[in-house]
2 protein chains.
Amino acid sequence: MTKQERGVRTRLALIRSAAQVFEQRGYAQTHLAEISSQAGVSTGALHFHFRNKAAVADAVEAEAVASLHRAARTAGEHPVNALQTLTDVSHAFALLLGQDVVVRAGLQLACDTGRRPGVKLHQAWAECVRRLLVRAGDEGSLADDVSVHDLTAAVVGATTGFLSMRRESEEWLTHRSLTGFWQLLLPRVATPQVLASLSPEGTAPVPST
Amino acid sequence: MTKQERGVRTRLALIRSAAQVFEQRGYAQTHLAEISSQAGVSTGALHFHFRNKAAVADAVEAEAVASLHRAARTAGEHPVNALQTLTDVSHAFALLLGQDVVVRAGLQLACDTGRRPGVKLHQAWAECVRRLLVRAGDEGSLADDVSVHDLTAAVVGATTGFLSMRRESEEWLTHRSLTGFWQLLLPRVATPQVLASLSPEGTAPVPST
């Protein structure tokens, strides 16, 4: 392994360790010493990669955003229609949240009141939802009396709420709970013809775990 | 004014001042000295009423919960049907949030990761929504294929999400945004007969401010 490869690996270990500590303690109560010790490196090594705690948090957040973007791209790779893509993207995010501590901590950091967030995750998600719903409207998939503005707010609101309540109980944001949400919402917002082709449970294979 | 009345008044001033500081800085970054100074009392007076910062936060939260309960009771005083009561309660909460810093700070404290919350506000709200929706089912107001469990989750999720995004922009939780939410949801979940009698904008008079 070259020195550069080792550097990349250490940086990733620090981000992962930081995510674990941030998730447990919240941003304000996190100490850098715990992050470096849990990553198995010296505090000097941590400071080589990150100037301070804010820089570590920014890196966790950036890594989370990158993972969410990758998941959204994958879910949208074989677009059937925009409503199905939106459903699939939401399921992909829920799956990622269950699997990846960096994604969980990054989303939590973005909502932490004790910190000025580096990225506006809510805004990015709202923009993604709005774009897909405008496309659904252009495709003629939306019922006539559905306002894209109100539907965007309902989807962003509900998913954001599920995410924040997930901290109290994981059941709030699972494949099952999202399926229930789309079963409730899709019959209201899709035209009958499009509705028949939609899968509220998503079209990606669900892992058995 | 008796000594006891002065004590009650000072305690309320401290709770109000604490709510303002908590709202601005978050729990972890709040210092007791700022709370007492903003309330115009000595730190000694603060410590007479509250043992520590956690006790102040608990008092803010308890006061917020009491206000929310009062608003819910008022909104439910003249029950037409449970779906309308739920709509009215949500509007009453949004109004209260706009008006009352103690309610805003109390809700924020309940979601703060840097603190073990004294009350489970999400759970209390979820229980209130579930109870009203079970009643709506008993009244025969809900469409046949609507699951009370999924509908409870959607309402609690969306309102919780609106609340958390309100910190970025107040537009997420207003009389207007909630009206749009109910306009979207009610036609899906209510029987056609009940739907005709429902007001998504609520039945309480809306203040002109």
Side-chain angles (χ1 to χ4, degrees), chain A residues 22-30 105 108-115 117 120-123 125-126 143 145-169 171-174 176-189 200, chain B residues 22-30 105 108-115 117 120-123 125-126 143 145-169 171-174 176-189 200:
Chain A
F22 284 139
E23 188 184 38
Q24 276 169 33
R25 309 208 186 284
Y27 179 73
Q29 264 78 37
T30 289
Q108 192 173 306
L109 283 164
C111 309
D112 200 307
T113 50
R115 174 172 173 271
K120 298 272 181 209
L121 269 181
H122 288 156
Q123 277 175 27
W125 174 227
D145 69 331
V146 168
S147 141
V148 167
H149 180 272
D150 291 342
L151 179 52
T152 301
V155 172
V156 175
T159 47
T160 304
F162 295 157
L163 177 66
S164 95
M165 292 185 298
R166 189 187 182 286
R167 290 210 299 260
E168 282 170 27
S169 161
E171 275 174 39
W172 280 103
L173 187 52
T174 61
R176 163 72 198 81
S177 75
L178 276 178
T179 300
F181 175 70
W182 292 116
Q183 276 168 346
L184 187 72
L185 202 63
L186 291 174
R188 167 69 177 103
V189 303
Chain B
F22 283 140
E23 187 183 40
Q24 276 169 31
R25 309 207 187 284
Y27 179 73
Q29 263 78 39
T30 289
Q108 193 174 306
L109 283 165
C111 309
D112 200 306
T113 49
R115 176 175 172 271
K120 297 274 182 209
L121 270 181
H122 288 155
Q123 277 176 25
W125 174 228
D145 69 332
V146 168
S147 139
V148 166
H149 180 272
D150 292 341
L151 179 52
T152 301
V155 171
V156 175
T159 47
T160 304
F162 295 157
L163 177 66
S164 96
M165 292 185 298
R166 190 187 181 285
R167 289 212 299 261
E168 281 170 28
S169 161
E171 274 173 39
W172 280 103
L173 187 51
T174 61
R176 163 74 198 80
S177 76
L178 276 179
T179 300
F181 175 70
W182 291 117
Q183 276 168 347
L184 187 72
L185 203 62
L186 291 175
R188 167 70 177 102
V189 303

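Owing to the predicted nature of the structure, the values given are computational and were not obtained by experimental measurement. Chain letters run A, B, ... following the sequence lines, proteins first and then strands; every chain starts at 1.
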Looking at B/Leu184, B/Thr179, B/Val189, B/Asp145, which one has more heavy-atom pairs under 4.5 Å with chain A than the rest?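 Looking at each option in turn, the highest pair count goes to B/Leu184.
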
Shorter than 4.5 Å, heavy atoms on both sides: which option in B/Pro187, B/Ser147, B/Ser169, B/Ala143 has the most such pairs with chain A? B/Pro187

List, one per line, each side-chain donor-acceptor pair under 3.5 Å for residues 148-157 of chain B, sequence neighbours excluded.
{"from": "B/Asp150", "atom 1": "OD1", "to": "A/Arg176", "atom 2": "NH2", "distance (Å)": "3.3"}
{"from": "B/Thr152", "atom 1": "OG1", "to": "B/Val148", "atom 2": "O", "distance (Å)": "2.7"}

Please look at A/Glu23 and chain B and tell me whether the side chain, the backbone, both or neither of the residue comes under 4.5 angstrom of a heavy atom of that chain.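 The answer is neither part of A/Glu23.
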
Give, as side chain, backbone, both or neither, the part of A/Ala126 having an atom under 4.5 angstrom from any heavy atom of chain B. side chain

To check you understand the geometry: which heavy-atom pair defines the closest contact between B/Ser164 and A/Thr160, and what is its length?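 So the two residues come closest at OG-CG2, 3.6 Å.
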
